[in-house]
Enquirer: 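This is the structure I have questions about; it appears just below.
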Amino acid sequence: PVEKLSPSINLGYRLILPICLFIWLLPLLAIFMTSIRPVIDINTGNVFGIPSQFNMIENYTTVFAKTDAWAYMANTLIITIPTVIISVALACITGYALAIYNFRWALPLFFVFVAGNFVPFQILMLPVIDMSNRLEIFNTVPGLVMFHAAFQTGFCTLFMRNFMKALPFELIESARIEGVDEFRIFWHLVLPLVRPAIAALSVLIFTFIWNDFFWATVMLQDDAKLPITVGVRSLNGEFVQQWHLISAASLLAAVPPVLMFFLAQKHFIAGLTLGATKG
């Protein structure tokens, strides 16, 4: 703990921490300041100075007036929520099998899930497009949800398997001795114990999918199906770059993940620290 270190280190820590926090928050502060400027400030080069006018209400209302922001938000929820449910559900089932059952291929199969996380997803663009065309799911929301779930399941399985592996195996053995079937052990014993981990994983995957730009651009061509991260591009004209409106729309798009984190903050922190200590 910093409090137990020497006074000079303690003082240095207290001086450096606010500076680091300010530098870390500086891009977000710059985007916020841009979102409340009039367009004339950006055109005249007043990007980092004090705004000549504070047009917060005008800029944020213009985002909803000039674009289908509500529709983009709804599309993002339609894409994100099923992906989170499918990915976390598959990860719980797969993680339980890899953590509890000692079959021959358990460890190699687990390494396959881990190795999938190190594949750059950009190189998968052409195979994904070709496969989605063959399956006739290109430019469809279910197709995007399917591929999102497929890509996220590897990380989710790694996450859930490690948490389930840390559970006392004696609990499962005791349940088996009592004659409880495997599904009831999984549903009534294991899942309640890893509920904080499920909450933490759900928040992470929700944030990943909500902020996705690449796959939404690749898989969706119809403007009516676009999520908010791609839909904000409609604020830019052919010859005019409306950065004040794009900044406002970007901050509005960041509200749901931040809100979800604060609502599930207790479970999120408990999930990340689950198994960190013994005794």
Enquirer: How about Ile137 and Pro142: do any of their side-chain heavy atoms sit closer than 4.5 Å?
Expert: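 No, every pair of side-chain atoms sits at 4.5 Å or beyond.
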Enquirer: How close do Ile79 and Val145 get, heavy atom to heavy atom, and via which atoms?
Expert: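 It is O-CG2, 3.7 Å.
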Enquirer: Is Phe118 atom CZ crowded by more than 12 heavy atoms from other residues, nucleotides or ligands, each under 6.0 Å away?
Expert: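 For Phe118, atom CZ is not crowded (no more than 12 foreign heavy atoms under 6.0 Å).
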Enquirer: With side chains defined as the heavy atoms from C-beta onward, is the minimum distance between Thr34 and Ile246 less than 4.5 Å?
Expert: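 SC-SC contact between Thr34 and Ile246 ruled out.
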Enquirer: Is there side-chain contact between Cys156 and Leu90, with at least one heavy-atom pair below 4.5 Å?
Expert: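 No, every pair of side-chain atoms sits at 4.5 Å or beyond.
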Enquirer: Take Thr67 and Leu245, measure what side-chain contact (heavy atoms from CB on, under 4.5 Å) needs, and give me the verdict at the end.
Expert: CA-CA 10 Å; Thr67 66; Leu245 298 183; over 6 Å; no
Enquirer: Of all heavy-atom pairs between Ala99 and Arg161, which one has the smallest distance, and what is that distance?
Expert: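 What the structure gives for the nearest pair is CB-O, 3.8 Å.
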Enquirer: Does Asp130 reach the main-chain N or O of Leu126 with its side chain, forming a donor-acceptor pair under 3.5 Å?
Expert: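 No; zero donor-acceptor contacts below 3.5 Å.
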Enquirer: Going by heavy atoms in the side chains, are Ile36 and Met33 under 4.5 Å from each other?
Expert: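 The answer is yes, as the side chains (C-beta and beyond) meet within the 4.5 Å cut-off.
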Enquirer: So, for Leu226 and Gly231, which heavy atoms are closest and what is the spacing to 0.1 Å?
Expert: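 Shortest heavy-atom separation between Leu226 and Gly231 comes out as CB-N, 4.4 Å.
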Enquirer: Can you find a pair of side-chain heavy atoms, one from Leu204 and one from Phe159, that are under 4.5 Å apart?
Expert: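 Leu204 reaches Phe159 side chain to side chain.
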Enquirer: Rounded to the nearest 0.5 Å, how far does CG of Asn75 lie from CH2 of Trp70?
Expert: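 Nearest 0.5 Å value for the CH2-CG distance: 13.5 Å.
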Enquirer: Check this for me: Leu259, atom CG, are more than 12 non-hydrogen atoms of other residues, nucleotides or ligands nearer than 6.0 Å?
Expert: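 For Leu259, atom CG is crowded (more than 12 foreign heavy atoms under 6.0 Å).
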Enquirer: Evaluate Leu201 against Phe163 for side-chain contact (heavy atoms from CB on, under 4.5 Å), listing each step before the verdict.
Expert: CA-CA 11 Å; Leu201 182 61; Phe163 278 106; over 6 Å; no
Enquirer: Measure the spacing between CE of Met219 and CZ of Phe214 and express it to the nearest 0.5 Å.
Expert: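 Nearest 0.5 Å value for the CE-CZ distance: 11.0 Å.
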Enquirer: Roughly how far apart are Phe208 CZ and Asn211 CG, rounded to 0.5 Å?
Expert: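 Separation between the atoms: 9.5 Å.
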Enquirer: Judged by atom type as modelled, is there a donor-acceptor pair below 3.5 Å linking the side chain of Thr76 to the main-chain atoms of Ile228?
Expert: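 Checking the backbone N and O of Ile228 against the side chain of Thr76, a donor-acceptor pair under 3.5 Å is found.
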Enquirer: Looking at Asp41, is its backbone amide N or carbonyl O close enough to the side chain of Thr44 to form a donor-acceptor pair, meaning the two atoms are under 3.5 Å apart?
Expert: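 Looks like yes, one N/O pair under 3.5 Å.
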Enquirer: Under 4.5 Å between side-chain heavy atoms, hopping through other hydrophobics if needed: is there a path connecting Phe262 to Leu77?
Expert: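 Linked within one cluster.
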Enquirer: Tell me whether Tyr96 is reachable from Val112 by hopping between hydrophobic residues (I, L, V, M, F, W, Y) whose side-chain heavy atoms are closer than 4.5 Å.
Expert: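 Hydrophobic grouping puts Val112 apart from Tyr96.
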Enquirer: Could you measure the distance from the CD1 atom of Ile205 to the NE2 atom of His148? Nearest 0.5 Å is fine.
Expert: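 Here the interatomic distance stands at 11.0 Å.
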Enquirer: With the 4.5 Å side-chain cut-off for hydrophobic clustering, are Tyr101 and Ile177 part of the same group?
Expert: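 Cluster IDs for Tyr101 and Ile177 differ.
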Enquirer: Provide the closest heavy-atom pair for Arg176 versus Ile185 in the form atom of the first, atom of the second, distance.
Expert: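 It is CG-CD1, 3.6 Å.
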Enquirer: State whether a side-chain donor-acceptor pair under 3.5 Å links Asn59 with Ser35.
Expert: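 Short answer, no.
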Enquirer: For Gly154 and Asn117, which heavy atoms make the closest approach, and how far apart are they?
Expert: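 The pair with the smallest heavy-atom distance is C-OD1, 3.7 Å.
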Enquirer: Do Val218 and Val128 have side chains that get closer than 4.5 Å, going by heavy atoms?
Expert: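 No, their side chains stay 4.5 Å or more apart.
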Enquirer: Walk me through it: do Val203 and Phe261 pass the test side-chain contact (heavy atoms from CB on, under 4.5 Å)?
Expert: CA-CA 6 Å; Val203 173; Phe261 170 78; 4.3 Å; yes
Enquirer: Checking Ser87 side chain against Val84 main chain: does a donor-acceptor pair fall under 3.5 Å?
Expert: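 Judged by distance alone, no pair lies under 3.5 Å.
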Enquirer: So does Phe22 have more than 12 non-hydrogen atoms from other groups sitting under 6.0 Å from CZ?
Expert: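 No.
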Enquirer: With a cut-off of 6.0 Å (strictly less than), are more than 12 heavy atoms of other residues, nucleotides or ligands near CD1 of Ile129?
Expert: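 Yes, the 6.0 Å shell around CD1 holds more than 12 heavy atoms from other groups.
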Enquirer: Tell me if the CG atom of Leu29 is crowded by more than 12 foreign heavy atoms within 6.0 Å.
Expert: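 Yes.
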Enquirer: Evaluate the side-chain proximity of Leu98 to Lys165: yes if any heavy-atom separation is below 4.5 Å, no if none is.
Expert: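 No; the side chains remain at least 4.5 Å from each other.
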Enquirer: Using only atom types and a distance under 3.5 Å, with no angle test, would you say the side chain of Trp210 pairs donor to acceptor with the backbone of Ala253?
Expert: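 At least one qualifying donor-acceptor pair exists.
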Enquirer: Given side chains that start at C-beta, do those of Leu220 and Pro227 come closer than 4.5 Å, heavy atoms only?
Expert: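 A side-chain contact exists here, since the closest heavy-atom pair is under 4.5 Å.
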Enquirer: Are more than 12 heavy atoms from other residues, nucleotides or ligands located less than 6.0 Å from atom CD of Gln221?
Expert: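 More than 12 heavy atoms, drawn from other residues, nucleotides or ligands, come within 6.0 Å of this atom.
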Enquirer: When you measure from the side chain of Asn139 to the backbone of Asp222, do you find a donor-acceptor pair of N or O atoms at a distance under 3.5 Å?
Expert: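 Pair found, side chain donor or acceptor close to backbone of Asp222.
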Enquirer: Phe186 and Met164: which non-hydrogen atoms are nearest, and at how many Å?
Expert: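 Closest approach of Phe186 to Met164, heavy atoms only: CE1-CE, 4.4 Å.
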Enquirer: Please lay out, stage by stage, how Ser247 and Leu251 fare under the test side-chain contact (heavy atoms from CB on, under 4.5 Å).
Expert: CA-CA 6 Å; Ser247 299; Leu251 290 178; 5.7 Å; no
Enquirer: Just verifying a value: how many Å separate Met56 CE and Thr61 OG1, rounded to the nearest 0.5 Å?
Expert: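 Met56 CE to Thr61 OG1: 11.0 Å, rounded to 0.5 Å.
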Enquirer: Are Trp105 and Ile100 connected in the hydrophobic side-chain network, where two residues link if heavy atoms are under 4.5 Å apart?
Expert: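 Yes.
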Enquirer: Which distance, rounded to the nearest 0.5 Å, do you find between the CG of Asp212 and the OG1 of Thr207?
Expert: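 If we round to the nearest 0.5 Å, Asp212:CG and Thr207:OG1 are 12.5 Å apart.
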Enquirer: Establish whether Phe213 and Tyr72 are linked, either directly or via other cluster members, by ILVMFWY side-chain heavy-atom contacts under 4.5 Å.
Expert: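 Yes, Phe213 and Tyr72 fall within the same hydrophobic cluster.
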